[in-house]
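What follows is a set of notes on a single structure, which appears directly below.
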Amino acid sequence: MQKLLTGLKPTGEITLGNYIGAIVPMVELQEEYESYIFIADMHAITVNQDPMELKNRIRKFIALYIACGIDPNKNIIYLQSENEYIPAISWLLECTTYYGEASRMIQFKEKSKQNANFSVGLLTYPILMAADILYCDADLVPVGIDQKQHVELARDIASRFNKMYNETFKLPKPLIKEEGIKIKDLKNPTKKMSKSEANPNGVITLLDTKEQIIKKIMSATTDSEKVIKYDMENKPGISNLMNICVSLSNETIESLEKKFAKKSYQDFKKYVADVVVKKLEKIQKRYYELINSQELDAILDKGIEKTRQIAKEKYMEMTNKMGLTRK
Ligand code: TYM
């Protein structure tokens with residue numbers, strides 16, 4: 001079985017857009033691959049974080065992912081910072097990576113411009129990412145287009161290491177998420193629903209209450225026509241609500257157009273709000289069971305035990321090949 005690996009930084013809030021665009025496809029992929037899914041908390045600290053907030057967010061993210069259907073029996077789920085061999089491997093890889101290569105990364109160029117006092121961690125970020133990917137010989141790395149260059153760097157680093165010290169790493173391939181349904185902001189439906197959006201009324205997060213969800217959907221921007229018809233260009237608000245509804249239920253665009261042919265926008269919005277509330281109620285029920293439970297700790301303990309052993313073996317192989325050990 002091929003290995004798939006992906007990581008998520010615990011930053012911001014998880015939105016309905018993230019759920020439909022990234023989590024649902026991951027839930028589908030877990031059936032076909034041996035999957036490694038981790039929270040990239042060490043990547044989060046490349047920029048300033050409030051320690052208490054970060055700790056809470058890490059737990060929240062893991063609980064939410066499991067609540068959304070990432071199955072701990074099918075995936076190896078763990079916290080990056082609990083596997084001490086990952087930064088150790090990263091150091092070994094840093095010493096076989098050129099400064100020029102790291103400083104050419106687009107994310108580094110953009111982020112280092114935003115703050116004159118950026119950390120060295122921002123430069124070595126993709127090398128830590130290479131360690132994340134290479135230690136377990138991942139075949140496929142599903143990421144957004146913004147991380148493609150980093151996966152390609154991991155491939156280059158692996159290939160160079162193999163040439164210098166003999167075959168050690170598998171060369172990973174990025175798996176770029178296909179253009180699936182993009183969920184838009186409810187207030188500005190020409191823009192992507194984003195966790196960093198200033199107007200929270202346009203964004204539904206996975207832990208919004210029933211009242212918040214209803215209020216946000218009922219006040220979503222639509223158009224002055226009265227027809228419920230899918231037309232992303234001329235009716236982006238209504239089309240976005242249709243996309244949300246179709247993604248979370250058995251409805252299709254056609255079935256919705258038929259069902260609401262003679263109904264008002266109000267009726268349609270009420271229906272969409274009901275679909276979203278029902279879906280998120282299920283996720284939230286599981287989330288609140290998990291968040292303070294020992295079950296969550298047991299899942300992470302099991303995950304870390306497995307990955308630590310794999311990473312330890314790779315680390316030993318690398319140090320040995322590089323001439324670092326006594327034996
Ligand atoms: P993070 O949490 O910032 O992003 C998680 C995933 O979402 C994708 N993504 C996007 N895709 C398209 N458009 C966007 N605007 C957008 N924003 C986020 C990201 O590409 C990513 O797939 N560096 C990683 C975390 C990581 C990782 C790894 C991933 C650390 N080590 C090893 C894979 C393998 C990141 O950006 O996380």
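In listed order, ligands and their atoms are each counted from 1.
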Subject >> Full working for salt bridge (charged side-chain N to carboxylate O under 4.0 Å, His left out) between Glu295 and Arg286 >> reply: CA-CA 12 Å; Glu295 185 186 350; Arg286 182 78 182 119; 2.8 Å; yes
Original post:
When you look for heavy atoms under 4.0 Å from ligand 1, do you find them on the side chain of Thr11, its backbone, both, or neither?
Top reply: neither
Original post:
Which atoms of ligand 1 are found less than 4.0 Å from any heavy atom of Leu5?
Top reply: 32 (C), 34 (C)
Original post:
According to the side chain to side chain donor-acceptor pair (under 3.5 Å) rule, which pairs have a member within residues 87-101, sequence neighbours left out?
Top reply: Glu101-Arg160
Original post:
Looking at Val141, which atoms of ligand 1 are within less than 4.0 Å of one of its heavy atoms?
Top reply: 33 (C), 34 (C)
Original post:
Taking atom 19 (C) of ligand 1 as the point of reference, which of Asp146, Ile145, Ile37 owns the nearest heavy atom?
Top reply: Asp146
Original post:
Do any nitrogen or oxygen atoms of Gln107 lie less than 3.5 angstrom from nitrogen or oxygen atoms of ligand 1?
Top reply: no
Subject >> Arg59/Asp297 ion pair, N-O < 4.0 Å >> reply: yes
**OP:** Record the part of Phe38 in heavy-atom contact with ligand 1 below 4.0 Å; permitted values are side chain, backbone, both and neither.
**Re:** side chain
Original post:
Which ligand 1 atoms, with their elements, are less than 4.0 angstrom from a heavy-atom of Ala40?
Top reply: 30 (C)
**OP:** For ligand 1, find out whether one of its N or O atoms is nearer than 3.5 Å to an N or O atom of Gly144.
**Re:** yes
**OP:** Select one of side chain, backbone, both or neither to describe which atoms of Lys192 lie under 4.0 Å from any atom of ligand 1, heavy atoms only.
**Re:** side chain
Subject >> Qualifying ring pair (Phe, Tyr, Trp, His ring centres under 6.0 Å) pairs with a residue from residues 10-38, counting only residues at least two apart or across chains >> reply: Phe38-Tyr78
Original post:
Between Asp208, Asn201, Thr205, which is the residue that forms a side chain to side chain donor-acceptor pair (under 3.5 Å) with Lys216?
Top reply: Asp208
Subject >> Sub-4.0 Å atoms of ligand 1 with respect to non-hydrogen atoms of Leu8 >> reply: 2 (O), 5 (C)
Original post:
Which bit of Asp132 gets closer than 4.0 Å to ligand 1, counting heavy atoms only: side chain, backbone, both or neither?
Top reply: side chain
Original post:
Under 4.0 Å from ligand 1, counting heavy atoms only, is it the side chain of His43, its backbone, both or neither?
Top reply: side chain
Original post:
Which ligand 1 atoms, with their elements, are less than 4.0 angstrom from a heavy-atom of Tyr125?
Top reply: 23 (N), 24 (C), 35 (C), 36 (O)
Original post:
Testing Leu16, Thr209, Leu207 for side-chain contact (heavy atoms from CB on, under 4.5 Å) with Leu280, which one passes?
Top reply: Leu16
**OP:** Quickly, which of Lys173, Lys170, Lys3 forms a salt bridge (Lys or Arg N to Asp or Glu O under 4.0 Å) with Asp139? Name it, please.
**Re:** Lys170
Original post:
Hey, are Glu82 and Arg308 close enough for a salt bridge, meaning a charged N less than 4.0 Å from a carboxylate O?
Top reply: no
Original post:
Should Lys285 and Glu289 count as an ion pair when the cut-off is N to O under 4.0 Å?
Top reply: yes
